[in-house]
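Notes follow once the structure below has been shown.
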Amino acid sequence: MKLERWIENKLKSNKIKISKTLRRTFEEYELVEKKNGLNVGSASLANGFETLNTELIDLITQFGKLKLIRKKEIINLEQTLKKYIDESSKDIKNFIDNKTHYVVGISPLEEKIKDSYGIIEINCEIINQERKYKLISFWWNTSKILITAIVAGFIGAYIKGVFE
């Protein structure tokens, strides 16, 4: 399975989880608060973005466990996830607008989106640093073996020259 296809499938399943979380939150608060729009809307917004961030962290962690990832793939993942956050935030806002009388202001929504962007950037940077560390340690170990072989060759040639 190609990497883009895997990411696409994970994002589709995440979208389903987010919509289930929004519906579940709405039903719970609707029963408890008897349709107090402010509580239902703000709780749905918070739980929707909490689920979104949790799923994004899980996706990035799984992506980081893959072997032979390149910096280009990490950048593509970051751009794809930013587009996904924009789409999901619109879906969450539309759900809240349609189900409640709570009007989602620009500032709480932008704040949640910025938090999600920050989570993506931090986790992608962590993956990039791990990738660099693996690459450096690979070449360091390879060079140690090469240097050891060269030194052993000189020592062996010296000993052979001494005993001849």
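Shown here are the side-chain hydrogen bond (donor to acceptor under 3.5 Å, both in side chains) partners of Glu125, two or more places apart in sequence or in another chain: Gln129. Take Arg23 and apply the side-chain hydrogen bond (donor to acceptor under 3.5 Å, both in side chains) test, not counting sequence neighbours, and it matches Ser19. The side-chain hydrogen bond (donor to acceptor under 3.5 Å, both in side chains) check on Asn123 picks up nothing, with sequence neighbours excluded. Taking Glu130 as the reference, Ile126 meet the side-chain contact (heavy atoms from CB on, under 4.5 Å) condition, with sequence neighbours excluded. Judged as a side-chain hydrogen bond (donor to acceptor under 3.5 Å, both in side chains), and not counting sequence neighbours, Asp115 has no contacts. The side-chain contact (heavy atoms from CB on, under 4.5 Å) search around Ser89 returns Phe49, Leu109, Ile113, not counting sequence neighbours. In this structure Thr61 satisfies the side-chain contact (heavy atoms from CB on, under 4.5 Å) test together with Ile57, Lys65, sequence neighbours excluded.
The CG atom of Leu3 sits 9.0 Å away from atom CG of Asn76, with the distance rounded to the nearest 0.5 Å. Put simply, CD1 on Ile136 and OG on Ser143 are 11.5 Å apart, with the number rounded to the nearest 0.5 Å. Atom CG of residue Leu77 and atom CD of residue Glu4 lie 10.5 Å apart, to the nearest 0.5 angstrom. Note that the CG atom of Leu52 and the OG atom of Ser116 stand 4.5 Å from one another [nearest 0.5 Å].
The shortest heavy-atom contact between Lys144 and Thr148 is O-OG1, 2.7 Å. Closest heavy-atom contact between Ser88 and Ile18: OG-CD1, 4.3 Å. Shortest non-hydrogen contact noted between Phe63 and Trp6 is N-CH2, 3.9 Å.
Within the 4.5 Å cutoff, the side chain of Asn128 has no heavy atoms near those of the Ile75 side chain.
Taking Ile, Leu, Val, Met, Phe, Trp and Tyr as hydrophobic and joining them when side-chain heavy atoms fall under 4.5 Å apart, one finds Trp139 in a cluster with Leu135, Phe138. With a 4.5 Å cut-off between side-chain heavy atoms of Ile, Leu, Val, Met, Phe, Trp and Tyr, the cluster of Tyr133 takes in none. Clustering of Ile, Leu, Val, Met, Phe, Trp and Tyr side chains at separations under 4.5 Å places Leu146 together with Ile150, Phe154.
Cluster annotation: Ile60 and Leu66 are assigned to the same hydrophobic cluster (Ile/Leu/Val/Met/Phe/Trp/Tyr, side-chain heavy-atom contacts under 4.5 Å, transitive). Taken together through direct or relayed side-chain contacts under 4.5 Å among Ile, Leu, Val, Met, Phe, Trp and Tyr, Tyr117 and Ile74 form part of one hydrophobic cluster. Put simply, Leu11 and Ile119 are part of two different groups of oily side chains (I, L, V, M, F, W, Y) that touch within less than 4.5 Å, one to the next.
Annotation: salt bridge (charged side-chain N to carboxylate O under 4.0 Å, His left out) contacts involving residues 42-60, sequence neighbours excluded, comprise Lys17-Glu55. Sorted by first and then second residue, the salt bridge (charged side-chain N to carboxylate O under 4.0 Å, His left out) pairs involving residues 74-90 (not counting sequence neighbours) are Lys15-Glu87, Glu78-Lys82, Lys82-Glu121.
In summary, of the residues considered (Asn14, Thr21, Leu22), a side chain to side chain contact (heavy atoms under 4.5 Å, CB included) with Thr51 occurs for Thr21 alone.
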